[in-house]
Amino acid sequence: MSDPPVGEHQDDLARRALTEQNVRVVRAGHGANCSSIGSVIDTLFATATMGAAVFAAVLGALRKETVRVVGEATAEPPPPRAETNGAAVDDR
Amino acid sequence: MMVRYEPWGAWVKLETEAAIVALDRDGVRALGLDGGATWGASHFTSAPIEVHVAVTARCGAGCKGCYLDVQPDGVEPQREVIERELDAAAAAGVFTVAFGGGEPTSREDLDLLADSARARGLSPVVTTSGLGLSEARLERLRHFDQVNVSYDGESATYASVRGFDASAAAERAIDRLSQAGVRVGVNVVLTRKSFPVLERTLTRARALGAVEGQLLRYKPVGRAATLDYLAARLSPEQACALGPTLRRLAEGPCADGTFHVRIDCALVAFLSADGELAQDPAKLTRFGVFGCEAAGALAAFTVTGHVAPCSFAPATSLRATELSAHSSDPELARWRAHVDAPPEPCRSCSLRPVCKGGCKVVAKFLHGGHGPDPECPRVIASARSAHEG
């Protein structure tokens, strides 16, 4: 169920609190492959300055764009117990 | 921006930047939002963020390695059918739909399908061979956020991958799309013959106007599921050379930041041979590199209207129009369970959180089922060590 849009200006102050530390992942670009999911890789080898610029641009957009919530949270039963090795799983 | 709550915070798709961002809970609160039921759930299965939609099984190109074994007289779902699937994708919170097939441009309503996706808040992108790109087809492609043209290299290289040389047509398509202001990328299938000339291929694509090169691992599915696959796939030495090759590309065609290289999910396993990357999976994660996300962040809608873990995997019995039930489908759950608890040597691999066990499709073809990716350098080294020990 989609929430109503949040106004662009009402949260300006709160949004200024957003920092790079709040951004766990940035997946850059659109990609347009229809068979397997792709990820930009060259930015990993770019200079720290270029890498920082990617995050700075993202923060700028996060601070100004209008918000729309999408997707539905559906209740799920807990899964059956599975054998795991106790290692950390992806918590992205 | 579009925000989709996750247990750890939210995925955010930006509109003024071409990027998807994972924001932690504090970041989401700073947007004035609260994850509510999702943040309080004891168990949660994330919906895909990207869905690959086969909009036709019709294609006359006849590429020898076609992963869908499509034909000139393949089936083509009605637009209304696909639109109902797009409804389901939007309801689940999917961000991007990548149209493929078959040759998507063979549909005269392709622009309408792109518009339908956009009207539902989905970013439409598409892959084409570029063959037979008439003015009308080009106009339809203007409706997409990005168009990727299949381009494995110049003439002999292209022919080695596809079985015929249509590189000139692909190059014309890249050039014309770029001239028309369409954001265009290229899909490059990496084989034993295309890999050595990769930098030349991407440099050529960039000169023609491409802004992105998507590198694809060759996969033994469809018409490629033959013994010829063993001779066409990357050699073990080439797989180990992927990391250094990517560094060279970053310093070459990508150096000024106007052209980017993407690797597909199946190539991430090859980075296990790269000491620097393998020891820093957090860096890969931070820049959003995805390994095998089949049945996770990725799903596919087949031309028959079913959900598949990815485009290369067999369809499940789940209808695409019922994507919201993805968490309870047993086959999709089986794929996710393997990622959550893989056997060795994946279990102890530093890249595991990113790679997620390598390509299950390759493992199925070579070993008959889910298991460590047999072409992964670390898996090969582990097997050799066990044999010698």
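Everything quoted here is computed from the prediction, not taken from an experiment.
Only the backbone of B:Ala92 comes within contact range of chain A, with heavy atoms under 4.5 Å apart. Of the atoms belonging to B:Val21, heavy atoms from both backbone and side chain fall under 4.5 Å from chain A. Proximity to chain A (any heavy atom under 4.5 Å) is restricted, for B:Phe259, to the backbone atoms N, CA, C and O. Both the backbone and the side chain of B:Leu14 have a heavy atom closer than 4.5 Å to some heavy atom of chain A. For chain A, the nearby parts of B:Asp145 are the backbone and the side chain; heavy atoms of each come within less than 4.5 Å. Heavy-atom distances place the side chain of B:Glu50, and not its backbone, under 4.5 Å from chain A. Heavy atoms closer than 4.5 Å to chain A are found in both the backbone and the side chain of B:Glu17. With a 4.5 Å cut-off on non-hydrogen atoms, B:Arg183 touches chain A through its side chain but not through its backbone. Interface remark: B:Leu267 contributes no atoms to any contact with chain A (heavy atom separation under 4.5 Å). Heavy-atom distances place both the backbone and the side chain of B:Val261 under 4.5 Å from chain A. Looking at A:Ala57, both its backbone and its side chain come within 4.5 Å of chain B, counting heavy atoms on both sides.
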Practice problem: List the steps, then state whether side-chain contact (heavy atoms from CB on, under 4.5 Å) holds for A:Val25 with B:Arg286. | Solution: CA-CA 4 Å; A:Val25 174; B:Arg286 188 140 174 82; over 6 Å; no
Quiz item: When you look at A:Asn22 and B:Asp26, which way does the side-chain hydrogen bond (donor to acceptor under 3.5 Å, both in side chains) test go after all the steps?
Solution: CA-CA 7 Å; A:Asn22 297 124; B:Asp26 286 340; 4.9 Å; no
Exercise. I would like to know whether B:Thr127 and A:Ser35 meet side-chain contact (heavy atoms from CB on, under 4.5 Å); could you show each step before the answer?
Key: CA-CA 9 Å; B:Thr127 299; A:Ser35 62; over 6 Å; no
Quiz item: Does the pair A:Leu44 and B:Leu284 meet the rule for a side-chain contact (heavy atoms from CB on, under 4.5 Å), with working shown?
Solution: CA-CA 7 Å; A:Leu44 267 74; B:Leu284 290 162; 3.1 Å; yes
Exercise. For B:Leu23 and A:Arg24, run side-chain contact (heavy atoms from CB on, under 4.5 Å): C-alpha distance rounded to whole Å, both residues' side-chain angles, the deciding distance at 0.1 Å, then the answer.
Key: CA-CA 6 Å; B:Leu23 209 55; A:Arg24 299 167 62 147; over 6 Å; no
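Shown here for A:Leu18 and B:Ala30, the closest heavy-atom pair between the two residues is CG-CB, 3.8 Å. Here the closest heavy-atom approach between residue A:Ser36 and residue B:Cys265 is recorded as CB-SG, 3.5 Å. When all heavy atoms are compared, the tightest approach of B:Glu293 to A:Ile37 is CB-CG2, 4.4 Å. Residues A:Val40 and B:Glu212 share a closest heavy-atom pair of CG2-OE2, 4.4 Å. Here the closest non-hydrogen pair linking A:Val26 and B:Ala19 is CG1-CB, 4.4 Å. Across every non-hydrogen atom of B:Ser311 and A:Cys34, the tightest pair is OG-O, 3.1 Å.
In terms of non-hydrogen atom pairs under 4.5 Å with chain B, the most contact-rich of A:Thr19, A:Val54, A:Thr47, A:Leu62 is A:Leu62. Note: B:Met2 leads B:Arg4, B:Arg29, B:Met2, B:Arg25 in heavy-atom pairs under 4.5 Å with chain A. The most heavy-atom pairs under 4.5 Å with chain A, out of B:Val125, B:Val268, B:Val28, B:Leu215, come from B:Val125. Counting heavy-atom pairs closer than 4.5 Å to chain B, the top-ranked of the candidates A:Asn33, A:Val58, A:Val23 is A:Asn33. In terms of heavy-atom pairs under 4.5 angstrom with chain B, the leader among A:Ala17, A:Ala28, A:Gly31 is A:Gly31. Your options are B:Asn187, B:Val184, B:Val97, B:Leu298, and the one with the most heavy-atom pairs under 4.5 Å with chain A is B:Asn187. Options B:Phe144, B:Phe95, B:Phe99, B:Tyr67 differ in how many heavy-atom pairs under 4.5 Å they form with chain A, and the most are formed by B:Tyr67.
Note on residues 38-71 of chain A: pairs passing ring pair (Phe, Tyr, Trp, His ring centres under 6.0 Å), not counting sequence neighbours, are A:Phe55-B:Phe287.
Annotation: the span from A:Arg68 atom CZ to B:Glu15 atom CD amounts to 7.0 Å, rounded to 0.5 Å.
The backbone N or O of A:His30 lies less than 3.5 Å from no partner atom in the side chain of B:Thr96, so there is not a single donor-acceptor pair. Judged by distance alone, with hydrogens and angles left aside, the side-chain atoms of A:Glu65 form a donor-acceptor pair with the main-chain N or O of B:Thr16 at under 3.5 Å. In terms of modelled atom types and a separation under 3.5 Å, the side chain of B:Arg262 and the main chain of A:Gly38 share a donor-acceptor contact.
No side-chain heavy atom of B:Leu246 sits less than 4.5 Å from a side-chain heavy atom of A:Asp42.
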